[in-house]
Amino acid sequence: MEINKRIIPEIKQVYSKFKKEIEHRLNSFKKIGKNANAEELFTELAFCILTPQSKAKLCWDTILEMQKKNILFKGTKKEIKEKLQKVRFKNKKTEYLFEARNKFFGDNNSIYENIKKSKSPLELREYLVKNVKGIGWKEASHFLRNIGLGADIAILDRHILRNLIELGILEEYPKNLSGKKYEEIEEKMKKLSKNLEIPMDTLDHVFWAKETGEVFK
């Protein structure tokens, strides 16, 4: 399938406009990864648990509010649920968040210990998908990018897939994103990244800024 070259100038223009801001954001993610304590890493994981089919900014504001009220790390299920009223699927996500917190800070094979000792972002992504309810391939990739380990992985959110369709790289939205399918599309995005001369972790932000006019998490 040939790339639709008509929109490439627009992508390049957005890249040029937001390049410095994106680089600053990615550098801040890398600093989190190098120096993060357990609470900082869990905050990013919790954010990614909330994001499916919900607005990212609303989810981040919710996380910050729970931090402020000391609910994110110490709150009961009831207290967490009360703070997720504006987040879609609040009942399931309350359960996911509560369980993830217990497994993250637990003594036996905690998620935190696995993150700290992992040497490969791809292995860590697979571990997270298998061991954290509410975290799929997209959410695990998002988490890794947000802690500075996403240089060569794709966050296949709808805005990414929409741009890949517009570019002619995909024919339609995938009906499901199994691990195999996710990696197939990820490889196509890597080729696009190379052709555009825009790094993978930057390209996600470029597509987001192209649609929203701003850079976010």
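Side-chain atoms of Lys103 come within 3.5 Å of backbone N or O of Asn131 as a donor-acceptor pair. No donor-acceptor pair under 3.5 Å is formed between the side chain of Ser193 and the backbone N or O of Met189.
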*Given Lys210 and Asn163, is the side chain to side chain donor-acceptor pair (under 3.5 Å) satisfied, shown in steps?*
CA-CA 9 Å; Lys210 174 176 170 288; Asn163 276 274; 3.0 Å; yes
*Evaluate salt bridge (charged side-chain N to carboxylate O under 4.0 Å, His left out) for Glu186 paired with Arg125, printing each intermediate quantity in order.*
CA-CA 13 Å; Glu186 189 172 58; Arg125 181 169 67 178; 2.8 Å; yes
*Report the C-alpha separation of Glu214 and Lys57 in whole Å, then their side-chain angles, then the decisive distance to 0.1 Å, and conclude whether the salt bridge (charged side-chain N to carboxylate O under 4.0 Å, His left out) test is met.*
CA-CA 12 Å; Glu214 62 179 349; Lys57 282 190 171 182; 2.7 Å; yes
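Contact record, Thr62 with Lys83: CG2-O, 3.2 Å, taken as the closest heavy-atom pair. The two residues Glu139 and Thr51 have their closest heavy-atom pair at CG-OG1, 4.3 Å.
A salt bridge does not link Lys117 with Glu113: every distance from a Lys NZ or Arg NE/NH1/NH2 to an Asp or Glu carboxylate oxygen is 4.0 Å or more.
Other residues, nucleotides and ligands contribute over 12 non-hydrogen atoms within 6.0 Å of the CD atom of Gln85. Taking a 6.0 Å sphere around CD of Glu123, one finds it holds 12 or fewer heavy atoms contributed by other residues, nucleotides or ligands.
Here the straight-line distance linking atom CD1 of Ile155 with atom CG of Asn146 works out to 6.5 Å at 0.5 Å rounding.
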Would you mind writing out the side-chain donor-acceptor pairs for residues 5-17 within the sub-3.5 Å range, not counting sequence neighbours?
residue	atom	partner	partner atom	Å
Lys12	NZ	Leu196	O	2.5

